[in-house]
Amino acid sequence: MWRDGDFRRLWVGQTASQLGEHASLVVLPLFAVLTLHAGAGQLGVLRAVGQAPILLLSLFVGAWVDRWRASTVMVLTDVGRTLALGAAAVAGFLGWLGLPALFVVAFAVGALSVFFDVAYQASLVRLVKRDQLVRGNSALEGSRSAAQIGGPALGGALVSVLSAPIAAASSAVFFALSFLSIRRIGRRESIPERSERPPRVWRRIHEGLRFVAGDTSLRTVCLASAAFQFFFAAVMTVYLLFLPRDLHLSGTAVGLALAAVGPGALLGALLAARLPSRFGHGAVLVSAAALGDGVFLFVSALHGPAVVTVPALLTVNFVFGIFSQLVNVTVMAVRQTVTPDGMQGRVAATINFVGMGLTPLGSLLGGFLAEVWGTRTSLLVTAAGMLLSPALMALSPLARLGRTLPAPPETPVRSV
């Protein structure tokens, strides 16, 4: 597969895109805090605006991308993100960039990233043979994990060592590299066959929503995911204020602390292959969620110089990465097992929509609480709120799942 030049071009482009995306998640908030002197509420709004496309677009993007060449979608989104961040960098250099313009940039980058992330997965299916999908997905998801590790650290370092405008320009360069690589894919995709009548998207979406709501395990996964993502978004908004302002950490130190989640996630993925079959899926889900979420309760107590706080933050984020990834992999196994083949995509989209869709509201809450109560109290309260997720799982049938998962439904759900 690695001898396939088109796959290599997709992999290089996707890797560059993921690095740019994860770097921008740190660059834009630090741009607002350090250059534009944004307050807590304004930072909450900025993060919410960047996350809003997940809520607004997730259920529709998959159906839309299926009707177009995935490579075309990826190329256009790369061009759009390059122009958006490049314009922000130029405006920042000239002193013309204000918070309203930064909100527009954050929304544009977030919306285009939703399209790119769906398109590269669809592109792989059309690019490689069926028996190569596992290896192809492994390579692409490995790149995504590496970007989650290196992107935040790179973004924070660029803001600290150079400047926020240069950091924004550097993120634009990654998207430009992705564009150059993906546009060189030589294999021409055939446009998916379109029916004369438009597909009944709303009816298909309704089927997915109804199936998730009617299954106890999936409904609990959905509610627990929503609770976690809502309070985690609030925590991260306060966190990005707390680290530079209360702990007086540089952009490099902030990026380093955030990047520690990545190695923890890699270890968590390895543990997920063994622990559920040994201790039971329910026990692993509840305990891992409680430990991973609960570790953030210690952050608000941190004081002192960077030589003390940075190692503590690295430990917190590493532990969080281990257990959150253990939960993610175990939940995915449960979801895939209880879902018929014909509903897999819609169930995944529904859970992602409900869970991730609340993140803008969580970011707004974090900014509001930081303004009213201060960062330390807000961190403690929002971190405690994250424990609602394991509590919901502990009170549901998910907690009673054993070492083996139940058989999937025999009757497929009708698809329209």
Side-chain angles (χ1 to χ4, degrees), residues 51-66 114-115 117-118 121-122 137 199-233 272 276 280-282 284-286 288-289 292-293 324-362 385-402 404-416:
Q51 295 158 344
I54 301 171
L55 175 64
L56 299 175
L57 302 176
S58 290
L59 292 178
F60 301 97
V61 167
W64 191 87
V65 168
D66 280 343
V114 172
F115 277 91
D117 290 345
V118 173
Q121 296 176 56
N137 274 309
R200 292 171 283 186
V201 175
W202 283 106
R203 187 169 180 180
R204 292 174 60 82
I205 290 173
H206 178 261
E207 280 187 355
L209 291 169
R210 185 177 59 187
F211 182 78
V212 171
D215 185 277
T216 304
S217 296
L218 293 177
R219 186 169 65 245
T220 303
V221 166
C222 213
L223 293 174
S225 175
F228 169 77
Q229 296 294 349
F230 175 78
F231 283 106
F232 182 65
H281 289 74
V284 168
L285 269 177
V286 175
D293 298 350
S324 64
Q325 185 74 335
L326 184 54
V327 172
N328 289 340
V329 175
T330 307
V331 161
M332 185 174 293
V334 173
R335 174 180 64 75
Q336 291 174 337
T337 299
V338 302
T339 303
D341 288 345
M343 291 290 293
Q344 289 285 348
R346 279 170 285 173
V347 167
T350 299
I351 292 175
N352 186 60
F353 168 74
V354 175
M356 296 297 294
L358 290 179
T359 55
L361 300 179
M386 289 169 62
L387 293 174
L388 177 61
S389 178
L392 288 170
M393 290 190 286
L395 297 173
S396 77
L398 281 178
R400 297 191 291 273
L401 290 175
T404 58
L405 292 172
E410 295 181 1
T411 304
V413 177
R414 180 174 57 87
S415 177
V416 179

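What's counted below: heavy atoms across the whole structure, side chains too, no hydrogens, waters or symmetry copies.
- For Phe230, there are no ring pair (Phe, Tyr, Trp, His ring centres under 6.0 Å) partners, not counting sequence neighbours.
- Residues satisfying the side chain to side chain contact (heavy atoms under 4.5 Å, CB included) criterion with Pro276, sequence neighbours excluded, are His281, Val284, Thr330.
- Remark: the backbone N or O of Thr216 is paired with a side-chain donor or acceptor of Thr220 at under 3.5 angstrom.
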Donor-acceptor pairs under 3.5 Å, side chain of residues 393-400 to any protein atom, not counting sequence neighbours: which ones?
{"unit_1": "Ser396", "atom_1": "OG", "unit_2": "Met393", "atom_2": "O", "d": "2.9"}
{"unit_1": "Ser396", "atom_1": "OG", "unit_2": "Leu398", "atom_2": "N", "d": "3.2"}

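- In terms of heavy atoms, Pro390 sits closest to Ala289 at CB-CB, 3.7 Å.
- Phe232 contributes atom CZ, which lies 12.0 Å from atom OG of Ser389 (distance to the nearest 0.5 angstrom).
- Residues meeting the side chain to side chain contact (heavy atoms under 4.5 Å, CB included) test with Leu218, sequence neighbours left out: Phe211, Val212, Asp215, Arg335, Val338, Thr339, Val347, Ile351.
- Residue Gly385 comes nearest to Phe231 through the heavy atom pair O-CD1, 3.3 Å, listed as atom of the first residue, atom of the second, then distance.
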Would you list the atom pairs, donor with acceptor, under 3.5 Å between side chains in residues 354-362 and any protein atom, with sequence neighbours excluded?
{"unit_1": "Thr359", "atom_1": "OG1", "unit_2": "Met356", "atom_2": "O", "d": "2.6"}

